[in-house]
Amino acid sequence: MRSATCRTTTSDSVASTRLPDHRILETMSDQELGITTSKEHETGEWYAELVQKAGLADYAPMGGFIVTRPRGYAIWERLQNYLDAWFKDTGVQNAYFPMFIPESYLEKEKDVVEGFDPEVAWVTHGGYDELEERLAVRPTSESIITPFIAQWVRSHRDLPMRVNQWCSVVRWEATETKPFFRTKEFLWQEGHTAHHDEADAYEETMTRLGQYERLYEDVLAMPALTGRKPDHDKFPGADTTTTVETLMPDGKSVQAATSHYLGTSFAEAYDVTYVDEDEDEQLAHTTSWGLSWRALGALFMTHSDDQGLVLPPTLAPTQVVIVPIWDEDSKDEVLEYAADVAVDLEDAGVRVELDDRDNRNPGFKYNEHELNGVPLRIEIGSYEVEDEELTLVHRPDGEEATVDREGISETVEEHLDTIYAKLYAEAEQTLEGEIREAESREEILGTIGQHGGYVKCGWCGDEDCEEPIKDAIAAEIVMVPLEEDEAPIHDECAICGEAAEETAYFAKTY
């Protein structure tokens with residue numbers, strides 16, 4: 001599948017209106033409405049401008065925090081709805097645990113986990129009174145959820161136990177923050193499960209990994225790579241950390257979701273045991289898995305352009321905007337025609353907006369809705385009314401189509417599917433062209449330094465062989481293939497020349 005060719009603009013341009021020749025457009029009176037920086041040449045500045053001007057988030061008064069605006073939160077809610085339904089279809093129940101974790105609970109986790117201390121924010125006072133025990137603002141919830149799973153599990157009949165919570169966590173270590181990608185507080189879901197044995201727990205781990213991959217490919221229109229983290233980069237205390245990795249347009253990788261098989265380490269620390277069929281006490285095997293609103297950052301950066309936000313129809317708060325275009329003689333009939341179309345689409349379950357504001361000209365409306373990421377625009381003027389037609393314009397590339405008014409609900413659904421396919425094809429084409437191979441340290445450095453993207457190479461499995469790459473260009477091993485997916489493709493480690501045990505994917509990261 002080949003993606004549609006995207007229009008090009010200069011970095012300070014506003015969105016092109018692409019009106020048919022028989023229409024006259026007034027230019028936007030407020031140039032600051034549009035994006036003024038270039039995604040290709042000023043990616044960081046472009047992203048910051050996009051987030052604010054598209055109404056996704058604002059910066060909070062405390063450094064490292066953001067205020068999520070209604071449009072940004074609506075997109076998160078729609079993502080959440082997809083994933084939450086899939087979880088529930090596979091036996092997961094939602095719960096909620098306190099955001100404060102007693103220090104004594106967190107201390108138990110230290111038997112398993114080292115390294116969270118620099119990230120923890122502590123509560124030491126309640127009002128004017130010093131607390132008898134410090135409370136941690138959760139950086140993750142193993143240490144508060146696992147003790148309760150230990151209480152709730154008694155018999156093999158209680159297993160498997162699956163709980164999930166949608167919440168926020170705080171990790172104070174974040175310094176170079178970027179909205180949605182990395183903030184000191186972020187929204188996420190975290191699932192925690194207990195199982196009879198390793199086979200059941202590992203199957204759970206892979207089920208969640210598959211659901212995350214499905215989310216990216218079937219909802220976010222983003223192809224994803226799945227694999228596992230090298231041992232030195234897996235979740236502390238985990239036996240295996242699996243990961244979904246997505247590639248950004250600037251060639252950096254995003255750890256898009258993780259699913260961990262924890263073995264029995266947390267069960268031992270928190271005494272998660274059960275009595276089996278033979279009345280013998282056994283340790284449970286546990287998992288944890290999570291996806292944060294980093295997924296939104298990856299979504300926005302992947303699809304959006306110099307005109308503003310681009311969203312797949314699956315997640316767009318408004319899927320279709322209808323813009324009526326009238327003069328004094330045609331106003332009533334154009335507005336009536338447009339309103340009837342809006343009702344038909346709404347009745348069919350399409351999220352539609354009729355933009356009949358008379359204090360804004362059509363050109364301003366086009367640019368505003370492009371900036372806000374509405375996937376499909378329907379233009380209705382006197383010609384459309386006369387011919388019983390509609391003009392449809394795709395947000396990603398400006399492709400136009402003139403269609404019959406009859407059967408518009410089915411036609412719009414087809415066009416929304418086409419728009420989704422365009423977005424996926426564009427991202428897929430980018431990913432396929434950004435996976436390269438290397439045979440030596442010099443090739444790794446040169447390839448990532450020049451092109452970015454992923455570099456596959458042989459790796460001996462020694463963490464020390466990652467350091468020369470990390471030190472030189474801040475690239476690291478983001479994943480190795482799952483054992484069942486791929487054998488080593490090279491005989492020798494590209495860094496030290498020893499026998500290759502695995503294939504490593506190196507990349508720069510967010």
Side-chain angles (χ1 to χ4, degrees), residues 11-15 28-39 41-81 99 119 121 137-139 166-189 220 248-250 252 254 256 291-312 315-318 321 351 353 355 357 360 364-365 367-375 395 510:
S11 63
D12 60 351
S13 68
V14 296
M28 262 171 34
S29 59
D30 183 4
Q31 295 291 324
E32 287 305 306
L33 176 69
I35 303 296
T36 61
T37 49
S38 165
K39 178 179 180 179
H41 301 294
E42 304 165 278
T43 305
E45 294 82 355
W46 165 85
Y47 180 79
E49 191 176 6
L50 172 77
V51 165
Q52 292 186 285
K53 289 190 174 179
L56 302 171
D58 280 326
Y59 292 96
M62 313 82 66
F65 293 81
I66 62 172
V67 174
T68 310
R69 296 184 63 180
R71 181 174 296 110
Y73 198 83
I75 298 166
W76 175 246
E77 284 182 313
R78 297 203 63 79
L79 181 155
Q80 180 180 1
N81 290 340
M99 69 182 299
E119 304 182 15
V137 183
R138 60 178 168 229
W166 295 90
C167 64
S168 69
V169 295
V170 172
R171 296 181 182 174
W172 212 262
E173 60 148 2
T175 52
E176 296 183 10
T177 55
K178 183 184 293 289
F180 300 108
F181 279 105
R182 186 175 296 277
T183 49
K184 290 183 176 179
E185 180 188 21
F186 55 89
L187 298 181
W188 76 347
Q189 60 73 212
L220 278 70
M248 296 298 96
D250 61 0
K252 293 182 180 180
V254 170
L291 174 140
S292 79
W293 69 11
R294 181 180 292 177
L296 297 186
L299 172 78
F300 303 150
M301 184 170 283
T302 294
H303 298 308
S304 301
D305 58 24
D306 288 353
Q307 279 66 51
L309 186 63
V310 176
L311 294 172
L315 293 180
T318 299
V321 62
R351 298 187 294 280
E353 175 187 342
D355 189 350
R357 294 174 293 173
R360 294 295 188 186
F364 184 96
K365 294 177 184 180
N367 285 302
E368 184 177 52
H369 293 299
E370 285 193 349
L371 175 65
N372 293 337
V374 179
R395 167 65 180 92
Y510 272 103

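Note that the coordinates shown come from a computational prediction; the quantities given were computed from them, not determined experimentally.
- Contact check for Val321 versus Asn372: no side-chain heavy atoms found under the 4.5 Å cut-off.
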Working for side-chain contact (heavy atoms from CB on, under 4.5 Å), residues Trp166 and Trp76: CA-CA 11 Å; Trp166 295 90; Trp76 175 246; 3.8 Å; yes

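- Taking both residues in full, the closest heavy atoms of Leu311 and Ala316 are given as CD1-CA, 3.9 Å, listed atom of the first, atom of the second, then distance.
- Separating the OG1 atom in Thr318 from the CD atom in Glu353 is a distance of 5.0 Å, to the nearest 0.5 Å.
- Using a 4.5 Å heavy-atom cutoff, the side chains of Pro312 and Leu299 are in contact.
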Go through the steps to decide whether Phe186 and Val169 satisfy the test side-chain contact (heavy atoms from CB on, under 4.5 Å), and finish with yes or no. CA-CA 6 Å; Phe186 55 89; Val169 295; 3.1 Å; yes

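- For the pair Gln52 and Asp58, the minimum side-chain heavy-atom distance is below 4.5 Å.
- Rounded to the nearest 0.5 Å, atoms CG (Leu315) and CZ (Arg78) are 7.0 Å apart.
- Looking at Arg171, its side chain does come within 3.5 Å of a backbone N or O of Pro139 through a donor-acceptor pair.
- Using a 4.5 Å heavy-atom threshold, the side chains of Leu309 and Arg71 count as touching.
- In terms of modelled atom types and a separation under 3.5 Å, the side chain of Arg294 and the main chain of Val254 share no donor-acceptor contact.
- Side-chain atoms of Glu45 and Thr37 include no donor-acceptor pair closer than 3.5 Å.
- Distance alone, capped at 3.5 Å, is enough to place a donor-acceptor pair between the Ser304 side chain and the Val310 backbone.
- Between Phe180 and Trp188, a ring centre-to-centre spacing not shorter than 6.0 Å is recorded.
- A donor-acceptor distance shorter than 3.5 angstrom exists from the side chain of Glu49 to the backbone of Thr36, with no hydrogens or angles considered.
- The two residues Lys39 and Thr302 make their nearest non-hydrogen contact at NZ-O, 3.2 Å.
- Nearest heavy-atom pair, Leu56 versus Leu50, reported as atom, atom and distance to 0.1 Å: CD1-O, 4.4 Å.
- Between the NE2 atom in His303 and the CG atom in Asp305 there is a gap of 11.5 Å [rounded to 0.5 Å].
- The one candidate from Arg360, Arg357, Lys53 that meets the salt bridge (Lys or Arg N to Asp or Glu O under 4.0 Å) condition with Glu368 is Arg357.
- Across Trp172 and Ala121, no two heavy atoms sit closer than the pair CE3-CB, 4.0 Å.
- Going from atom CD of Gln307 over to atom CG of Leu371 covers 10.0 Å, rounded to the nearest 0.5 Å.
- Across all their heavy atoms, Ala48 and Tyr59 have their closest contact at CB-OH, 3.7 Å.
- With Arg138 contributing its side chain and Ser168 its backbone, the two residues share a donor-acceptor pair below 3.5 Å.
- Residues Leu291 and Gln189 form a side-chain contact, since some pair of their non-hydrogen atoms from C-beta on lies under 4.5 Å apart.
- Between Phe300 and Phe181 the shortest side-chain heavy-atom distance does not fall below 4.5 Å.
- Side-chain contact check for Ile66 versus Trp293: some heavy-atom pair is nearer than 4.5 Å.
- Of all the heavy atoms in Pro179 and Val51, the pair that sits closest is CB-CG1, 4.1 Å.
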Could you go through Lys184 and Met62, starting from their C-alpha distance and side-chain angles, then the distance that decides it, and tell me whether this counts as side-chain contact (heavy atoms from CB on, under 4.5 Å)? CA-CA 10 Å; Lys184 290 183 176 179; Met62 313 82 66; over 6 Å; no

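- Under the 4.5 Å side-chain criterion, counting only non-hydrogen atoms from C-beta, Pro249 is in contact with Met301.
- In this structure, Trp46 CH2 and Asp250 CG are separated by 9.5 Å, a value rounded to the nearest 0.5 Å.
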Would you please test Met99 and Val170 for side-chain contact (heavy atoms from CB on, under 4.5 Å) and show each step? CA-CA 9 Å; Met99 69 182 299; Val170 172; 5.7 Å; no

